[in-house]
Q: 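Handing you this structure, nothing more for now.
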Amino acid sequence: MGELRFVRMGFGDEAVDYQAAWGEQRRVHAARFADEVPDTVILLEHPPVYTAGRRTEDSERPLDGTPVIDVDRGGKITWHGPGQLVGYPIQKLPRPVDVVAHVRRLEEALIRTCAEFGLETTRVEGRSGVWVLGDPVEQRPALGGLSLDFDPRMQDEEFDPRLNGPEYAPSNAGQRREDRKIAAIGIRVAKGVTMHGFALNVNPDNKWFDKIIPCGIRDAGVASLANELGRDVTIEEVLPVVERHLKDVLENADLRPRVVEKAPVAVTASGV
């Protein structure tokens, strides 16, 4: 693919309203489809906002009526806000688009970014995004004095951590030594061009995630670079590293259309 363009749209005191950024995404998306601009990655911070992808269930939204913006990306509900680096790669890909391959490339760039800061991260089978792995289940501390055999999350599929105290809060997953997501990914592809993208938790207040069921996952939590490394990490530090790894991964990708398997042709035999 050609050279990737980066647009730093706004950070800190100039954080970009979600609706304004969404409108800019749509504008750049149309321009990219028309080949008026090159592949572009918009990078920014948002003021605090909850956004819900198409698969979000009512039971995963805030219980107190906090507003949520419903969007046209995949995935479920998440939070964006200060201390989180958000990236919207707008790329034209060969059709039919291999969406999974696109997600894997974004994950790879973020995994490399975390590694450069000294944090080992990985993928989790069946769960998009970038993860810090917890301890094996049998080695984790008991919650609320209960053994894992009595952990309600293991027994009740509808267990709601929002109603059961801070020991179950997504923001405390690190203390529980559970798997925790450090970067969420949710995308949309229209006319062969991608939209939306990733959110990397650099140094946010992760308690914002405690109002929702982040990404619809009840048995894991959220992480940040600052918390995992035990030191202050800033967006300013992380920004050029993310750009470099996105550039390396995306510009050097071997882009191929998704393989579409043809249905076998039914053969009927006629007797005489």
Q: Using the six-membered ring wherever Trp is involved, compare the ring planes of Tyr18 and His80 and label them parallel, tilted or perpendicular (cut-offs 30° and 60°).
A: parallel

Q: Any Lys/Arg nitrogen of Asp248 or Arg112 sitting under 4.0 Å from an Asp/Glu carboxylate oxygen of the other?
A: yes

Q: Charged N to carboxylate O below 4.0 Å: is that the case for Lys207 and Asp210?
A: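 No, no charged N to carboxylate O under 4.0 Å.
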
Q: Arg105 and Ala253: which non-hydrogen atoms are nearest, and at how many Å?
A: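 Between these two residues, the closest heavy atoms are CD-CB, 3.4 Å.
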
Q: List the atom of Pro204, the atom of Ser224, and the distance in Å for their closest heavy-atom pair.
A: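 Where Pro204 meets Ser224 most closely, the heavy atoms are CD-CB, 3.8 Å.
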
Q: With side chain to side chain contact (heavy atoms under 4.5 Å, CB included) as the test, would you mind laying out the steps for Leu110 and Leu246 before giving the verdict?
A: CA-CA 8 Å; Leu110 297 174; Leu246 282 170; 5.7 Å; no

Q: May I ask you to test the Thr113-Arg244 pair for a side-chain heavy-atom distance under 4.5 Å?
A: no

Q: Taking Val233's backbone N and O only, do any of them form a donor-acceptor pair with Asn203's side chain (distance below 3.5 Å, no angle check)?
A: yes

Q: Is the shortest heavy-atom distance from the side chain of Ile217 to the side chain of Asp179 under 4.5 Å?
A: no

Q: Quick one: do Trp131 and Val202 end up in the same hydrophobic cluster if we chain Ile, Leu, Val, Met, Phe, Trp and Tyr together by side-chain heavy atoms under 4.5 Å apart?
A: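 In one cluster with Trp131: Val202, no.
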
Q: Over all heavy atoms of both residues, which pair between His46 and Val16 is shortest? Give the atoms and the distance, please.
A: ND1-O, 2.6 Å

Q: Does His102 use its side chain to pair, donor to acceptor, with the backbone of Val97 at less than 3.5 Å?
A: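 Looks like no, no N/O pair under 3.5 Å.
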
Q: Where is the tightest heavy-atom contact between Gly134 and Arg180, given as atom of each residue plus distance?
A: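 Shortest heavy-atom contact: CA-NH1, 3.9 Å.
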
Q: When you check the gap from the basic side-chain N to the acidic O, do Asp70 and Arg61 get nearer than 4.0 Å?
A: yes

Q: Should Val7 and Thr40 be marked as a side chain to side chain contact (heavy atoms under 4.5 Å, CB included) after you check the CA-CA gap, both sets of side-chain angles, and the distance that decides it?
A: CA-CA 7 Å; Val7 175; Thr40 300; 3.8 Å; yes

Q: Is there a side-chain contact between Pro94 and Arg256, using heavy atoms and a 4.5 Å cut-off?
A: no

Q: Test Ser59 against Ile213 for side chain to side chain contact (heavy atoms under 4.5 Å, CB included), laying out the working first.
A: CA-CA 8 Å; Ser59 62; Ile213 307 296; over 6 Å; no

Q: Does Val68 sit in a hydrophobic cluster with other residues, and if so which ones, taking ILVMFWY side chains as linked at heavy-atom separations under 4.5 Å, directly or through other members?
A: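 Other cluster members: Tyr50, Ile77, Trp79, Trp208, Phe209, Ile212, Val222.
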
Q: State the SG-NZ distance between Cys215 and Lys181, to the nearest 0.5 angstrom.
A: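 Reported to 0.5 Å precision, the distance equals 3.5 Å.
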
Q: Gly81 and Glu45: which non-hydrogen atoms are nearest, and at how many Å?
A: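 Here Gly81 and Glu45 meet closest at O-OE2, 4.4 Å.
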
Q: Measure the shortest side-chain to side-chain distance between Asp39 and Ile90 over non-hydrogen atoms and say whether it is less than 4.5 angstrom.
A: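 When only atoms from C-beta onward are counted, Ile90 and Asp39 do not touch, as no gap falls below 4.5 Å.
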
Q: Treat each ILVMFWY residue as a node, draw an edge where side-chain heavy atoms are under 4.5 Å apart, and state whether Leu44 and Phe6 are in one component.
A: no

Q: Where do Glu108 and His245 land on the side chain to side chain donor-acceptor pair (under 3.5 Å) test, with the steps shown first?
A: CA-CA 8 Å; Glu108 180 62 26; His245 287 297; over 6 Å; no

Q: Rounded to the nearest 0.5 Å, what separates atom CD in Gln25 from atom CE in Met9?
A: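 Here the rounded value is 9.0 Å.
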
Q: Measuring from Glu116:CD to Glu237:CD, what's the distance to the nearest 0.5 Å?
A: 11.0 Å

Q: Is any side-chain N of the basic residue among Glu243 and Arg8 closer than 4.0 Å to the acidic one's carboxylate O?
A: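 Salt bridge between Glu243 and Arg8, a charged N being under 4.0 Å from a carboxylate O: yes.
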
Q: In Å and rounded to the nearest 0.5 Å, what is the SG to CG distance from Cys114 to Leu200?
A: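 So the SG of Cys114 and the CG of Leu200 are separated by 5.5 Å.
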
Q: Check salt bridge (charged side-chain N to carboxylate O under 4.0 Å, His left out) between Lys92 and all other residues, then give those that pass, not counting sequence neighbours.
A: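 So Lys92 forms a salt bridge (charged side-chain N to carboxylate O under 4.0 Å, His left out) with Asp35.
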
Q: Strictly below 4.0 Å, N to O, side chains only: are Asp64 and Lys211 in salt-bridge contact?
A: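 Looking at Asp64 and Lys211, the cut-off is met.
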
Q: With rounding to the nearest 0.5 angstrom, report the CD1 to OG1 distance, Ile111 to Thr121.
A: 5.0 Å

Q: Is there a path of hydrophobic side-chain contacts, each under 4.5 Å between heavy atoms of I/L/V/M/F/W/Y residues, joining Leu43 to Met195?
A: no

Q: Any donor and acceptor pair, going by atom type alone, linking the side chain of Glu251 with main-chain N or O of Leu4 inside 3.5 Å?
A: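 Side chain of Glu251 to backbone of Leu4: a pair is present.
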
Q: Heavy-atom count around Glu36 CD within 6.0 Å, excluding the residue itself: above 12?
A: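 Yes, CD of Glu36 has more than 12 neighbouring heavy atoms, counting only those of other groups under 6.0 Å.
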
Q: Run the side chain to side chain contact (heavy atoms under 4.5 Å, CB included) check on Glu167 and Arg176 step by step: do they pass?
A: CA-CA 8 Å; Glu167 64 266 33; Arg176 299 191 299 268; 5.6 Å; no

Q: Do Trp22 and Val71 come close enough that some side-chain heavy atom pair is under 4.5 Å?
A: yes

Q: Quick check on the hydrophobic clustering: are Val189 and Leu106 connected, directly or via other members, by side-chain heavy-atom contacts under 4.5 Å?
A: yes

Q: If two hydrophobic side chains count as joined below 4.5 Å and joins carry through other members, does Val193 share a cluster with Val41?
A: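 Shared cluster, no.
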
Q: Could you measure the distance from the OH atom of Tyr168 to the CG atom of Leu163? Nearest 0.5 Å is fine.
A: 12.5 Å

Q: Looking at Arg258 and Asp98, does any basic side-chain N land under 4.0 Å from a carboxylate oxygen?
A: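 Judged by the 4.0 Å cut-off on N to carboxylate O distance, Arg258 and Asp98 do not form a salt bridge.
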
Q: Looking at Arg177, is its backbone amide N or carbonyl O close enough to the side chain of Asp135 to form a donor-acceptor pair, meaning the two atoms are under 3.5 Å apart?
A: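 Here the side-chain-to-backbone pair does not exist.
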
Q: Determine the minimum heavy-atom distance between Arg32 and Val37, stating which atoms define it.
A: CD-O, 3.2 Å

Q: Per the salt bridge (charged side-chain N to carboxylate O under 4.0 Å, His left out) rule, what does the pair list look like for residues 72-86, sequence neighbours excluded?
A: Glu57-Lys76, Glu60-Lys76, Asp72-Arg188

